[in-house]
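To find a chain, count down the sequence lines: A is the first, B the second, and so on, and within it residues start at 1. Just the heavy atoms: all of them, side chains too, but no hydrogens, waters or symmetry mates, feed the values below. None of these values were measured; they are calculated from a predicted model.
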Amino acid sequence: MISRLQRRMLAPLALGAVAVLGLTGCGTATTAQSTELTDEDVTLTLSWWGADARGQKTSEAIKLFEKAHPNITVEAQNSDWGGYWDRLATTTAAGDMPDVMQFDEQFLASYANRGTLLDLAEFTDILDPSYMDKKILAGGAVNDTQYAIPISGAPSAVLINTALFEQYGVSLPDLTTWTWDDYSETAQALTEASDGAVHGISPVGVDSFTLNVFARQHGEQLFDEDGDIVIPVETVADYWQTELDQIESGAAPSAEQLSESAGVPLDQYDIVTGKTAMQFIPAGVFTAHQSAAPNAKFILADWPTDSDTEEGFQYMKPTMYWSAAATSAHPAEAAALIDFLTTDPEVGTLFGTDRGISVNPDIQEVIKPTLTGADKIAFDYITNAAETVGAAAPITPNGASDINAVISRYNQEVQFKSSTPTEAAEAMIAEIQNSIDAAK
Amino acid sequence: MTETRAITTPGRRVEPHAGIPSGSSPKGSSLRSAVVSTLKHAGLILLALVMIYPLLWMVVSSIRPNSEIFTTPGLFSDSFDFSHYTTGWNALAAPFSTYLLNSGLIVLGSVIGNLISCSLAAYAFARLNFKLKTLAFVAMLVTIMLPIHVLIVPQYVLFAQLGWVNTYLPLIVPKFLATDAFFIFLMVQFIRGIPRELDEAARIDGASHFRIYSQIMLPLMVPALATTAIFTFIWTWNDFFSQLIFVTKPDLYTVPVALRSFIDSQSQSDFGALFAMSIVSLVPIFLVFLFGQRFLLRGIATTGGK
Amino acid sequence: MSALGELRTITHKRGPESAASKRARTKDNKVAAFFLAPWLLGLLGITIGPMLISLYLAFTNYNLLQAPKFTGLANIQRMLGDERLAHSLQATFTYVIVSVPLQLGTALALAVLLDRGLRALPLYRSVFYLPSLLGSSVAVAVLWRLVFGGEGLVNAFLAVFGIEGAAWISSPDTALSTLILLHMWTFGAPMVIFLAGLRQIPREYYEASSTDGATKWRQFRSITLPLLSPIIFFNLVLGLIGSFQTFTQAFIVSNGSGGPADSTLFFSLYLYQEGFSSFRMGYASALAWLLLIIIGIFTSLNFWASKYWVFYDD
């Protein structure tokens, strides 16, 4: 009896074996893909991360798209940032990737190099990004293949809460010519004027974007075209030494305070809660900071420089991308959806600056008159900066998608003095290169 | 602590004046027990305050402006604003009631599933002798020793092959198949606390095992069943990861997944609405516990009397 | 082996068998198949498959996005030189060894106190259980920072007495202790199980010993503890398994980083980072099986030790 029962129960186990096959089968698109749109009924899935405001705007945009393409139905999926990537990894592993996805620079090469994303250049009839500045478009290419369409882009900038400087009677230097010394001294002056109630700066960020801009100020870069980490140890050590000096002088909060706010959501950043007055941010998220901190008066400024710093150290980093799945059964329709979301003027007005300032000049024209307040400041800053930025930076390579976490971890070792900047820099570069090699 | 002493000391002073001529020993002990009881209450109230402070803070945060939430650990606020509740309720793609209902559905299925399947298995482990029993028991324990994060991908593949993704089946069916071995073990321990004479007597009278299980064991196991029901309710209600992975259609989202939609780590989040809806979603589980504990505490002593 | 022996006694009846059970014994296989059918189906259909796959993946290089590549013992080799693994083992063991006894002790004490004999007990019980309801709520993370942060409530309280508090959650030296406190704070779950267990103890035992003049403490030691021991044992086994796997609280409090400086990098958190953030699911699977072995050893020890202090009525 038992053995008969057991035998019957083995049937589901066979499904387990199928599951193994499922793991191995992923990533290889087997369906014959058409580069032409069909008239048949098609259902696409569209996946993005973000809060509810973005969700509502995206739903409206989907309605517009469905009206323009009556045979296509779009199913939306959204979640928070962390959940988004967990879910995407899981569904991709099972060969069940959404058709169209919002993407981030950190993860782009990791997915693209492993054959999970669609080469969008095959669909130029449907999706033609020729409107875009080549310097930005290149940020969506991996090994010269266009796997992603940048939605928006922005340089790194210094976010300054002028309200705090006014409150404590500290004046800002000329922000167009300021040096690193000016920057640190101004910060220190604010800390002293406020008797430590606020600190001048949240120090150089712990993200790869900031580190890369810092490297470019020194004529170097974080990664090269081959996807290897090429930043010299001294530059990273210098980056962290600057931070240590700022902590030491009181320009920046203590190591404990910094670690307390490491990795928190934007609403709880020190700069948003008014505990610090200056911070490096991607200029595209200016509006988010301002609306999260209604009492602050934020402005944007370019990075401080040294006398020997060369022009063009800034670059337009794509804030977000649209990508499509290599396994999509309807790649042409997926491309059409991406095209619609990035070029339709109505969608452009609808989205506004929610996914950053669009890199499409036509959309910029459309939204420009509608912008006010923080949006207008960000728009003007980014469109002006676009004229002077340097070449695109190679994107985060396959194997280094966790780079921000790695930088942050070593940064804390330096902050808590368990490693010297040089030791930590050596170890960090070795660890990242190891991960990159393992993924090659 | 000082406060309770202030209350009880006058009581002691009053005693001689009461002048009731009775044996001092019972009087003294009743007074002592009153003091002890007051002290107990004082301690418990203090502890209770520490325990619920976070919840009180959440309630207050849900009615104060977003900008105050991260700067004020206290409970006082100048301005109160109940709009988080109305905006939160309607902020997402569907009204929040949809997510409450979705979660309720999954919880209901999970509770029923766990109660039936785990009690059946527990009866076998606690009261029956069968081949490979030790091995089966070890296997049961081992299944709860692997973290979900390495199982989720194969599980997803399995459920995708079955066509169950974007339904609640991956969340409910496993409960009917006793995959929450935690509860089997719990019930085994409880059944072993039930005197064997009760079912042996029935056995001698010729009752079948199923009869013993359903007529004798289940009523005696009410506290264990209530524990299982309450825990299943709460864990399922709060479970984020598997609900996130297996259900991707927004109109099927559950409460924990919906709550995350208020947060965007790179942009502005609506924490006020998040807290408001968190409070709303706590109400059902709090009520379940408040009323469920009656069953939880219906031990042998009380059921035996009926 | 002795742990297995104890397992056998837990699953098999101890002491001389009665005639009835001897008679019934021959028939039990068939009946057991019926009672165990759902569980067996779940084990074979849902649980075993993914477990075996994860075991296979432990010997592969698997990045989730491409087919796994068999690499033999490479993952185990990697473990030997993995500093973060050593870190996470240290944090996890400290956490388990400190927080499990603390939480169970608190839970047991409160359960005995809240069992009966006081007014407003249902309310107390509910209030003490509330923190366990909050679960993985994001609010916990926000609040924990406000309570234990450098300018948090605890330090404000200490300042009243002129003590300058530490930066509890953000210093690598103290961050782990705040998580242990957070764990203690959710003692409601084991407390509920203890409460249910206490109700299984017949009142007559206490009444009899009261007439004999036994003190409360003696009653607790000679009646409550032995009769509750199967439930204490259960809470201990599950407490250990749960604490070794602890994930959610550390994840939300440290925003997934295990920081500051890896001081709260619990094993499951590290495993999650490796699997999902760094796309090394093969290595994560190997870590998971290492965890299973560790938990397995502790659980076996527990079962082995239980024969000295756990008493069953049957």
Novice: Is the shortest side-chain heavy-atom distance between Pro260(C) and Glu260(A) below 4.5 Å?
Specialist: no
Novice: Are the side chain of Ser170(C) and the backbone N or O of Ser259(A) linked by a donor-acceptor pair below 3.5 Å?
Specialist: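 Here the side-chain-to-backbone pair does not exist.
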Novice: Taking atom CZ of Arg114(A) and atom CG of Asn63(C), what is their separation to the nearest 0.5 Å?
Specialist: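 With rounding to 0.5 Å, CZ (Arg114(A)) is 4.0 Å from CG (Asn63(C)).
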Novice: Apply the side chain to side chain contact (heavy atoms under 4.5 Å, CB included) test between Leu65(C) and each candidate in Leu88(A), Leu117(A), Thr116(A); give the one that qualifies.
Specialist: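 Answer to the side chain to side chain contact (heavy atoms under 4.5 Å, CB included) test with Leu65(C) among Leu88(A), Leu117(A), Thr116(A): Thr116(A).
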Novice: With only heavy atoms counted, which part of Ser278(C) is less than 4.5 Å from chain A, the side chain, the backbone, both or neither?
Specialist: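 Both parts, backbone and side chain.
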Novice: Should we count NZ of Lys440(A) as having more than 12 external heavy atoms under 6.0 Å?
Specialist: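 Yes.
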Novice: Only pairs of heavy atoms separated by less than 4.5 Å count here; which of Gln412(A), Arg409(A), Gln257(A), Glu256(A) has the most with chain C?
Specialist: Arg409(A)
Novice: Examine Arg87(A) relative to Phe276(C) and say whether NZ or CZ is less than 6.0 Å from the centre of the six-membered ring and inside a 45° cone about the ring axis.
Specialist: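 No.
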Novice: By a 4.5 Å heavy-atom criterion (distance strictly below it), what part of Ala262(A) contacts chain C: side chain, backbone, both, or neither?
Specialist: backbone
Novice: What closest approach, in Å, do Asp402(A) and Ser277(C) show between heavy atoms, and which atom pair accounts for it?
Specialist: CB-O, 3.7 Å
Novice: In terms of heavy-atom proximity below 4.5 Å to chain A, should Phe148(C) be classed as side chain, backbone, both, or neither?
Specialist: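 It is neither, since no heavy atom gets under 4.5 Å.
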Novice: Is Tyr410(A) in contact with chain C via its backbone, its side chain, both, or neither, using a 4.5 Å heavy-atom distance?
Specialist: neither
Novice: Given that the side chain runs from C-beta out, which part of Ala438(A) has a heavy atom under 4.5 Å from chain C: side chain, backbone, both or neither?
Specialist: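 Contact with chain C involves the backbone of Ala438(A) alone.
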Novice: Take a 6.0 Å sphere around CZ of Phe70(C) and say whether it holds more than 12 heavy atoms from other residues, nucleotides or ligands.
Specialist: yes
Novice: I need the Asn398(A) CG to Phe279(C) CZ distance, nearest 0.5 Å.
Specialist: 8.5 Å
Novice: Would you mind telling me which of Gly275(C), Gly149(C), Ala167(C) has the largest number of heavy-atom pairs within less than 4.5 Å of chain A?
Specialist: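 When all of Gly275(C), Gly149(C), Ala167(C) are compared, Gly149(C) has the most.
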Novice: Please step through side-chain contact (heavy atoms from CB on, under 4.5 Å) for the pair Asn255(C) and Val264(A), ending with a clear verdict.
Specialist: CA-CA 6 Å; Asn255(C) 300 300; Val264(A) 296; 3.7 Å; yes
Novice: Restricting to non-hydrogen atoms, name the atom on Phe416(A) and the atom on Pro172(C) that form the minimum distance, rounded to 0.1 Å.
Specialist: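 Between these two residues, the closest heavy atoms are CE2-CD, 3.4 Å.
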Novice: By a 4.5 Å heavy-atom criterion (distance strictly below it), what part of Ser110(A) contacts chain C: side chain, backbone, both, or neither?
Specialist: both
Novice: Counting only heavy atoms closer than 4.5 Å, note whether Arg78(C) contacts chain A via side chain, backbone, both or neither.
Specialist: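 Contact with chain A involves no heavy atom of Arg78(C) at all.
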